[in-house]
Amino acid sequence: MLEEDTNLAARMKRFKPGQFTWPDLTSGKFCDGCRLYLRKPKKPDTGTCDLVRRRHGYAGTVFVGVDAISCSQFSPGLHEDTETA
């Protein structure tokens, strides 16, 4: 098996439904720290990837951002629509 195949298999295994693309296993970052991660107001530990909506035209599947390794589109910060206390 080629190294790329093994890497893809590992990335596929760590992918969470709702992410825009395969996670970047070398980043050390998680979706909850990305400005594209839109948190749900009543359950702030969950949210959606706003890049899915922007690119595909529909809200993606809700997932827990702290459990999702970020993808190559990671941009640090909070989403512009995040409610702060």
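- Taking CD from Q19 and CG from L36, the interatomic distance works out to 12.0 Å, rounded to the nearest 0.5 Å.
- With sequence neighbours excluded, no residue forms a salt bridge (charged side-chain N to carboxylate O under 4.0 Å, His left out) with R14.
- By the salt bridge (charged side-chain N to carboxylate O under 4.0 Å, His left out) test, D32 is found to be paired with no residue, residues two or more places apart in sequence or in another chain being considered.
- By the side-chain hydrogen bond (donor to acceptor under 3.5 Å, both in side chains) test, S72 is found to be paired with no residue, residues two or more places apart in sequence or in another chain being considered.
- In terms of the side-chain hydrogen bond (donor to acceptor under 3.5 Å, both in side chains) criterion, residue partners of S27 (sequence neighbours excluded) are, by chain and number, S70.
- Every residue meeting the ring pair (Phe, Tyr, Trp, His ring centres under 6.0 Å) condition with F63, not counting sequence neighbours, appears here in chain and number order: Y37.
- Using a 4.5 Å cut-off on side-chain heavy atoms (C-beta onward), P23 and F15 make contact.
- Pairs engaging residues 38-48 under the salt bridge (charged side-chain N to carboxylate O under 4.0 Å, His left out) rule: none recorded [sequence neighbours left out].
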Show me the donor-acceptor pairs within less than 3.5 Å that the side chains of residues 52-60 make with the rest of the protein, sequence neighbours left out.
from	atom 1	to	atom 2	distance (Å)
R53	NE	D50	OD1	2.8
R53	NH2	D50	OD1	3.2
R53	NH2	D50	OD2	3.3
R54	NE	D50	OD2	2.9
R54	NH2	D50	OD2	3.1

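- Under a 4.5 Å side-chain heavy-atom criterion applied to ILVMFWY residues, the cluster that includes L25 comprises F30, I69 as well.
- For residues 16-30, the set of pairs meeting the salt bridge (charged side-chain N to carboxylate O under 4.0 Å, His left out) definition, not counting sequence neighbours, is empty.
- Considering CG of L51 and OG1 of T48, their distance stands at 11.0 Å, rounded to 0.5 Å.
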